Amino acid sequence: MSEKKISSGAEKAESLTNKKSTAKKPAKSAVKKSTKATAAKTEKKVKPAKTKTKSKKVVSEKKLAKRKAREQKKLEAAKIRAEKKQKRLEKRLEHKQKRLDRIAALKERAAERREKRRERRDMLKHESKEARINRRREEREAKIEARVAKREARAADKQAKREHALKVRAEKRADKAERQHTPGLGGWLAAVISLGVTTLALGTMLTFGWINYNGMQADMAGVHTQSLYELNSIVDNLDTNLAKARVSNSANEQVRIFSDIAIESEMAEVVLERMPIESNLTENMTGFVNKMADSAQGMLYTVARGGRLTDSQKATINYMYETNLEMKRILNEITSTSSAKDMINAMKGRDSNLSVSFGDLENNAIETPKEIHDGPFSDSVKKVSAKNLENLEEINATRAEELAMQYFESYKPTEVCCTGETVAQQLECYNLTVKTDDGEMMAQLSKKGGKVVMFNSYKECYDKNFSVERCIDIAQDFLSDLGFDGMKAVWTSENGTVCNLNFAYEQDGVVFYPDMIKVKVCEQRGIVTGLEGISYVLNHVERNAGKAVISKSEAKSKLADGFETEGSRLTVIPHDGEEVLAYEFYGNFGGNDYYIYVDAKTGEEVEVFTVIGTKQGKALM
């Protein structure tokens, strides 16, 4: 059995060896086939390699084209930037040249004005009385003719606009009538008619109302446009008179000029109130014309009494002239560019060219400085409820007459009569007439508590028999008799023979400016001829001013270098609707007097006033 197994194993091994040798020596045909197959494979492999090389060349050409396109774009962008830069440079040069031309033109006009003024001075110096009379008559006639021509031109312009509007309206009607006869409209009309008579009647009523409303708007727009033209004319006249006021040196001529300025300023204020513009867009302009009227009246009084204008008053005239000149320029632009549509939009409270133009006029042309004519915070009435009167009894008219008889006992009244009621800053008052042997007096008493709110008498004052110090004592006694205790004189000024005094409430050494009373004293008779106490009645209440966080010396260190302090005190002032404890510093800087207020808690400068007008006005520190 073992032999068989061995032989069989050998046989197997031998057979396996024969198979391997057979596999190692393939047939020639097989070799040829395999060689051909390998060559074919090699050829196939080589061909794709050639294709890949070509695709690489194509991709590189595309990239090159893209690169060239990018470079071309960069060159074009650089060219555009260079052109823009060149344009900007040219524009700057053009603006610079225009500015230089404008400056040169202004200098030329100034030189012409100086030459005209010199010629006029020379002419006035050698002018005879008859020639002066003739010249003034000719100037008045020329002025009247100019006004008439201007009025006629406005009327002609208005008539032309009206005719143009009628023409446009007629064309619209004709166009509408033509459209109504177009094909297919009859069917539409039949469909509308089929909706019923009620619908048509309602539509007719609404249409009529809409047309009527539009007509009313157009009429109101015309009225407001006329007001705008009137305001423009007034400002033109003010420009002429202010220009004359700058050079006039004759008392008679100054009286006439200042009278015209005062009247025209009041007219401008009335017209401004009629304009359909929000009050915040005309606040500065209204304040400017108001102060212009007050300044003109003060100068008129000075000249009429035989006095001469001070340097401060002359500076005020120059300021008014320059501001009014800029206001005239912008108003002329507004008048020439505004349309009826702008006026209607302004009436509706919408944004329009008119509101934008008045906003520019308010913010850019008129910079009304914080000036003192009659004392700091003299026109600050902020609150609208009298706290100290809330718990007081309301009096009737009879009781008001009895109180007035007591208050003005020293004037020896013969009769007191209540003439009606009024509202002053939301404070209800009785109007009273107090008759005496030498005239009448007007007074207002609050319905609650019967406090004197206003008092005015018409007394003639020609001579000065009482000093300012004596007038202060007289006013102090008068206020005490009326029940106004703890008042301190904080400002005095003289207007001819009338002494104007401002009193403020003082508590623990702190002056409360919101609680102010203004008093007029006749320096001839030594009696009080006027009182205005609305600020005191509305604001006064016992209150704690608080404590200062910083010292007076620390507050003084916050002032500008070179400010020469002449006096200081602790005050409570109205600021941004609130009461602020502040140090008041009065002094001089650069030849002008200033009042500077520094917050006693934060050390910040909160208010600055410039003293203008007469040099007789001063504060009593």
Side-chain angles (χ1 to χ4, degrees), residues 291 295 298 302 309-316 319 369-380 467-473 475-476 486-495 498-519 521 523 545 548-575 579-621:
K291 290 184 178 181
S295 299
T302 299
L309 298 180
T310 63
D311 293 339
S312 178
Q313 288 173 324
K314 291 177 181 177
T316 301
Y319 162 75
K370 293 179 179 179
E371 307 160 334
I372 296 179
H373 290 276
D374 52 353
F377 309 105
S378 59
D379 55 352
S380 297
S467 64
V468 173
E469 290 74 19
R470 181 67 183 120
C471 290
I472 293 173
D473 294 335
Q476 195 97 42
M487 304 303 293
K488 177 181 177 64
V490 294
W491 178 270
T492 65
S493 65
E494 291 182 283
N495 188 1
V498 176
C499 184
N500 299 304
L501 303 165
N502 288 357
F503 287 84
Y505 178 71
E506 186 180 34
Q507 177 181 322
D508 299 328
V510 180
V511 173
F512 286 76
Y513 272 114
D515 303 2
M516 184 177 289
I517 300 176
K518 303 175 186 178
V519 183
V521 179
E523 294 179 341
V549 176
I550 64 174
S551 65
K552 187 182 293 186
S553 59
E554 290 175 330
K556 188 176 180 180
S557 66
K558 306 291 183 181
L559 302 178
D561 295 334
F563 182 80
E564 299 176 2
T565 304
E566 297 179 11
S568 60
R569 59 186 167 199
L570 196 59
T571 63
V572 171
I573 64 171
H575 181 69
E579 292 185 351
V580 177
L581 182 66
Y583 287 104
E584 176 187 73
F585 295 96
Y586 164 66
N588 187 277
F589 184 84
N592 294 325
D593 293 334
Y594 293 89
Y595 281 80
I596 302 177
Y597 295 85
V598 178
D599 194 315
K601 296 181 179 179
T602 65
E604 295 180 356
E605 187 178 274
V606 292
E607 200 71 75
V608 177
F609 289 106
T610 306
V611 180
I612 71 167
T614 63
K615 293 184 178 180
Q616 296 165 324
K618 62 180 181 179
L620 303 173
M621 305 301 288

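Residue numbers start at 1 and run along the sequence shown. None of the values given here were measured: they were computed from a predicted structure.
Of all non-hydrogen atoms in His575 and Val606, the two that sit nearest each other are CE1-O, 3.2 Å. Of all heavy-atom pairs spanning Asp599 and Leu581, the tightest one is OD1-O, 3.6 Å. What you find for Cys499 and Val468 is that their closest heavy atoms are SG-CG1, 4.2 Å. Between Ile472 and Ala489, the shortest heavy-atom distance links the atoms CG2-CB, 4.0 Å. Tyr594 approaches Phe589 most closely through the heavy-atom pair CE1-O, 3.5 Å.
When side chains are defined from C-beta on, Lys488 counts as touching Arg569, because their heavy atoms get closer than 4.5 Å. Side-chain contact check for Ile596 versus Thr565: every heavy-atom pair is 4.5 Å or farther apart. Residues Ser568 and Lys552 have side chains in contact (heavy-atom distance under 4.5 Å, counting atoms from C-beta outward).
Atom CD of Gln476 is separated from atom CZ of Phe503 by 5.0 Å, given to the nearest 0.5 angstrom. One distance of note links CD1 of Ile573 with CD of Glu579; it measures 10.0 Å at 0.5 Å rounding. The line from CG of Asp593 to CD of Glu564 is 10.5 Å long, rounded to the nearest 0.5 Å. In this structure, CZ in Arg470 is found 12.5 Å from CD in Glu523, a value given to the nearest 0.5 Å. For the atom pair CE of Met487 and CG of Asn502, the computed distance is 9.5 Å after rounding to the nearest 0.5 Å.
Aromatic ring pairs are classed by plane angle as parallel below 30°, tilted from 30° to 60° and perpendicular above 60°; the pair Tyr597 and Tyr513 is perpendicular. Between Phe585 and Tyr583, the angle of the ring planes lies from 30° to 60°, which puts this pair in the tilted group.
The number of heavy atoms from other shown groups lying within 6.0 Å of CD (Glu604) does not exceed 12.
Not one N or O on the side chain of Glu605 forms a donor-acceptor pair closer than 3.5 Å with the backbone of Leu559. Judged purely by atom type and a 3.5 angstrom limit, Thr492 has no side-chain atom pairing as donor or acceptor with the backbone of Leu501.
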